[in-house]
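See below for the structure under consideration.
Below, chains carry the letters A, B, ... as their sequence lines are ordered, and counting in each starts from 1. None of these values were measured; they are calculated from a predicted model.
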Amino acid sequence: MSETPAAGRAGMRKELPEHFRDYRNVWVFIELERGQVHPVSWELMGEGRKLADRLGVQLAAVVLGPKDEGTRTAIRQTWAYGADICYICKDAVLTDYRNEPYTQALTGLVNAYKPEILLLGATTLGRDLAGSVATTLKTGLTADATELAIDDEMSLAATRPTFGGTLLCTIHTLNFRPQMATVRPRVMAMPHPDMTRPAGRSVWYTLGVAEADVITKVLEFVADATTNEVNLAYADIVVAGGMGLQNAANFRLVRDLAAVLGGEYGCSRPVVQKGWLPAERQIGQTGKTIRPRLYIAAGISGAIQHRVGVEGADLIIAINTDPQARIFDFAHLGVVADALQILPALTEAFARRLGRETRILEEA
Amino acid sequence: MTDDLTGNPPKPDTTGLNIVVCIKQVPDSAQIRVHPVTNTIMRQGVPTIINPYDLYALEEALRLRDQYGGAVTVLCMGPPMAEDALRRALGLGADRAVLITDRRFAGSDTLATSFALATALTTIAQDRPIDIVFTGKQTIDGDTAQVGPGIARRLGLNQLTYVSAIDSIDLGKRELVVRRRAEGGVQVLQSRLPCLITVMEGINDLRRGSIQDLLRAARADVTVWSAEQAGVTNPMMCGLRGSPTVVKKVFAPSPRSEPAEMVTTEAKRPAQVAEAVLDLLFARNPKLEADLAARKGA
């Protein structure tokens, strides 16, 4: 991504070289690990379908994995999530993710079947793979896009935060193909799978890499203890605090409210930088992107890098002492007040209201 | 590491590991301000720092050098003032610093950046082959995490990203075992030198530079290379011209079309404000109230 506003270049027009003109279709890399597809891949299929329809081209899924039931299931699911074509490479060397064989398989497929757009999840796997593939193909890659669109010249316009999340920029790969982008989990909405949708065309690809040729070996996979896992990204109620909480101890107020609502709690980036909460609690562009039914932001100013991480919430309640705070630009309900006073009052009010509701239900 | 009697640079340690750490000088993001009218970054007076993630990469490199012997070179692409970042890295204990700076590098995207850094690494490797290239997980201004993989690909290095621990290195066999953060767990990987490692924050405890290192850093020379001196033979691969991506627009998002409904009550007591918030919330979304109540009862 360019770090300077590209004066002069912003007006550059598309002049696609001849050898890129037969690049067609939108591809989504399906991230399959230990038999499970990462949800971000389906989110991208939903977005990829829209881009393909706008361009009037086909949507393809790329499934790389071992010859097992997990891979077969993933292929079946691609049809339900809107794929017209599924490019499949089944090989034992693709059992665990490793950069070398995955890069060879994906770049080989791109060179053989020429997509105009290639999307990957901005996960640890997707970011590891996307950089290698884009460098091999010498094409443009927009990392962590928060919005994808097709412009008037039928090019991909990928918007992402820039300058540390203080502004947004729209990036194009005008004269190279494929146009690549990664998108973080939860940035795009999860589409509803249509299990009745008929299977499309399967294209099988032979990798031709022997295990002996792969230098890196996976000795072991140590799964995270589920008890330690913070399920912030997929929580449907989230309460978060910012610098308005004033110190680490006051985050008790945020946790209390989250507990009464049965939700998760988080914080803004400066709170993590201060060391008040661990990085896994950070919400925003470089932390977790969330799409809860209800998001309560207490003492958070609402910088752009935070905004892009929470805009998918159904309903946002913002509490801030500053009536000019940017958070009120995108909240649905706003309270100009001190979060330290309002948080405990909200905890009490929710407890009372929901408790009463529970009793009524019991009486009925 | 300077020979204090002669003041000459020490003889390079040709045993042990030859390590290069790529660092970036970034604006201290906590202090970036956007002009409210023109939507441009107000750079004046914003202090610059070494990208915080790169400090963990540097520390890991120094730790390996101290354990296995060898030398640590820090490499940075940036404007002339990025020499400050390199001098700080020398103060933390790096042996040598190289700055590649040239107007032709300006406006580089990730592909052009990995080209310039990989070219400079090739030139550095002419003295002695490089065993490990370290980078941080990502930068705090670009946040792409793509330059490390780009360098690895260009140089054909074994790529080990998001490394949370280096368990062991066998210099004889030229093998190493690392722990790599993956989705839902940690991969224990065995790979081979030469490799590129991007490290997770918290992989180590950052050191403070010793007095000797700080004094040495103040006197040490930072090697400054132009594009040509770094080994670039085709300037078309650099900067804006070498970048396939084009930034068409930089902007601030507009407020939502429907402005936030502000909760205003005559009384200012927090309890009354809270009640008003709940009334508005559940009026908008009655199903939420029922669902929350059911959840609490469950």
Side-chain angles (χ1 to χ4, degrees), chain A residues 1-2 4-6 9-10 12 33 38 99 123-124 127-128 131-132 135-136 139-141 143-144 163-164 166-174 176 215-224 261-262 286 293 315 328-335 337 341-342 345-346 349 353-354 357-358 361, chain B residues 29 32 34 39 41 106-107 109-110 114 140-146 149-150 153-154 158-159 161-162 181-192 240 243-253 255-256 260-263 270-271 273-275 277-278 280 285 288 292-293 295-297:
Chain A
M1 209 220 56
S2 293
T4 45
R9 261 170 70 94
M12 218 168 109
E33 263 197 306
H38 195 292
N99 180 267
T123 58
T124 54
R127 288 171 145 210
D128 186 274
S132 300
T135 307
T136 310
T139 190
L141 165 63
D144 292 11
F163 297 115
T166 51
L167 289 172
L168 295 173
C169 63
T170 303
I171 298 174
H172 297 240
T173 298
L174 291 178
F176 297 84
I215 289 168
T216 302
K217 308 289 179 196
V218 179
L219 302 181
E220 196 186 343
F221 184 86
V222 186
D224 292 335
L261 293 169
T286 56
R293 294 176 67 188
L315 219 153
F328 294 123
D329 284 351
F330 56 96
H332 301 85
L333 293 178
V335 184
Q341 293 185 355
I342 299 297
L346 278 174
R353 187 82 65 105
L354 300 174
E357 193 66 33
T358 310
L361 286 172
Chain B
S29 74
I32 293 178
V34 178
N39 269 333
I41 297 287
D109 71 358
T110 55
S114 72
I140 60 164
D141 57 348
D143 283 319
T144 69
Q146 299 302 341
R153 197 72 201 155
R154 288 178 182 279
N158 295 310
Q159 176 175 320
T161 55
Y162 301 103
R181 167 60 30 205
E183 302 294 319
V186 171
Q187 280 185 322
V188 183
L189 297 175
Q190 180 192 295
S191 192
R192 209 177 294 155
L240 277 177
S243 299
T245 61
V246 178
V247 178
K248 280 265 189 175
K249 190 167 69 159
V250 177
F251 62 104
R256 266 174 5 98
E261 185 174 355
M262 301 307 283
V263 177
V273 175
E275 285 297 336
V277 170
L278 265 63
L280 286 170
N285 194 339
L288 185 67
L292 285 174
R295 176 189 310 208
K296 191 163 182 286

Quick one: OG on A/Ser132 to CD on B/Gln146, what's the gap to the nearest 0.5 Å?
8.5 Å

Heavy-atom pairs under 4.5 Å with chain A: which of B/Ala260, B/Ser114, B/Ala271, B/Pro149 has the most?
B/Ala260

Under 4.5 Å from any heavy atom of chain B - which part of A/Phe176
side chain

Between B/Pro244 and A/Thr139, the two heavy atoms sitting closest are CG-C, 3.6 Å

Starting at OG1 of B/Thr144, measure out to CG of A/Leu141 and round the result to the nearest 0.5 Å.
7.5 Å

Which heavy atom of B/Val250 sits nearest to which heavy atom of A/Cys169, and what is that distance?
CG2-CB, 4.0 Å

Where does A/Ala337 contact chain B at under 4.5 Å (heavy atoms): side chain, backbone, both or neither?
neither

What is the distance from atom CG of A/Leu346 to atom CD of B/Glu275, rounded to the nearest 0.5 Å?
9.5 Å

Using only atom types and a distance under 3.5 Å, with no angle test, would you say the side chain of B/Gln159 pairs donor to acceptor with the backbone of A/Asp128?
yes

Please examine the side chains of B/Leu189 and A/Val218, heavy atoms only from C-beta on, and report whether any two atoms are closer than 4.5 Å.
yes

Tell me which of these, A/Leu219, A/Leu168, A/Asp329, A/Val222, has more heavy-atom pairs under 4.5 Å with chain B than the rest.
A/Leu168

Using non-hydrogen atoms and a 4.5 Å limit, figure out which bit of A/Leu315 sits close to chain B: side chain, backbone, both or neither.
side chain

OG1/A/Thr216 to CZ/B/Arg192 distance, rounded to the nearest 0.5 angstrom?
8.5 Å

Taking the side chain as C-beta and beyond, is there a heavy-atom pair between A/His332 and B/Leu280 under 4.5 Å?
no

Locate the shortest heavy-atom distance separating A/Asp144 from B/Asp143; write the atom from each residue and the value.
OD2-O, 3.7 Å

Determine yes or no for a side-chain-to-main-chain donor-acceptor pair under 3.5 angstrom, with B/Glu183 supplying the side chain and A/Thr124 the backbone.
yes

To the nearest 0.5 angstrom, please state how far the CG atom of B/Leu288 sits from the CG atom of A/Leu261.
8.5 Å

Does any heavy atom of chain B fall under 4.5 Å from the side chain of A/Asn99, the backbone, both, or neither of them?
side chain

Minimum heavy-atom distance A/Phe221-B/Ala182, with the two atoms named
CE1-CB, 4.1 Å

Tell me, for A/Gln341 versus chain B, whether the close heavy atoms (under 4.5 Å) come from the side chain, the backbone, both or neither.
both

Heavy-atom pairs under 4.5 Å with chain B, option from A/Thr173, A/Ile215, A/Ile342 with the top count
A/Ile215

Interface moiety of A/Ala143 toward chain B, non-hydrogen atoms closer than 4.5 Å
side chain

CA sep, side-chain torsions, deciding dist, call: B/Lys249, A/Leu167, side chain to side chain contact (heavy atoms under 4.5 Å, CB included):
CA-CA 10 Å; B/Lys249 190 167 69 159; A/Leu167 289 172; over 6 Å; no

If only side-chain N and O atoms count, and only distance matters, is there a donor-acceptor pair under 3.5 Å linking B/Arg153 with A/Thr136?
yes

So OG1 of B/Thr161 and CZ of A/Arg127: to nearest 0.5 Å the spacing works out to 10.0 Å

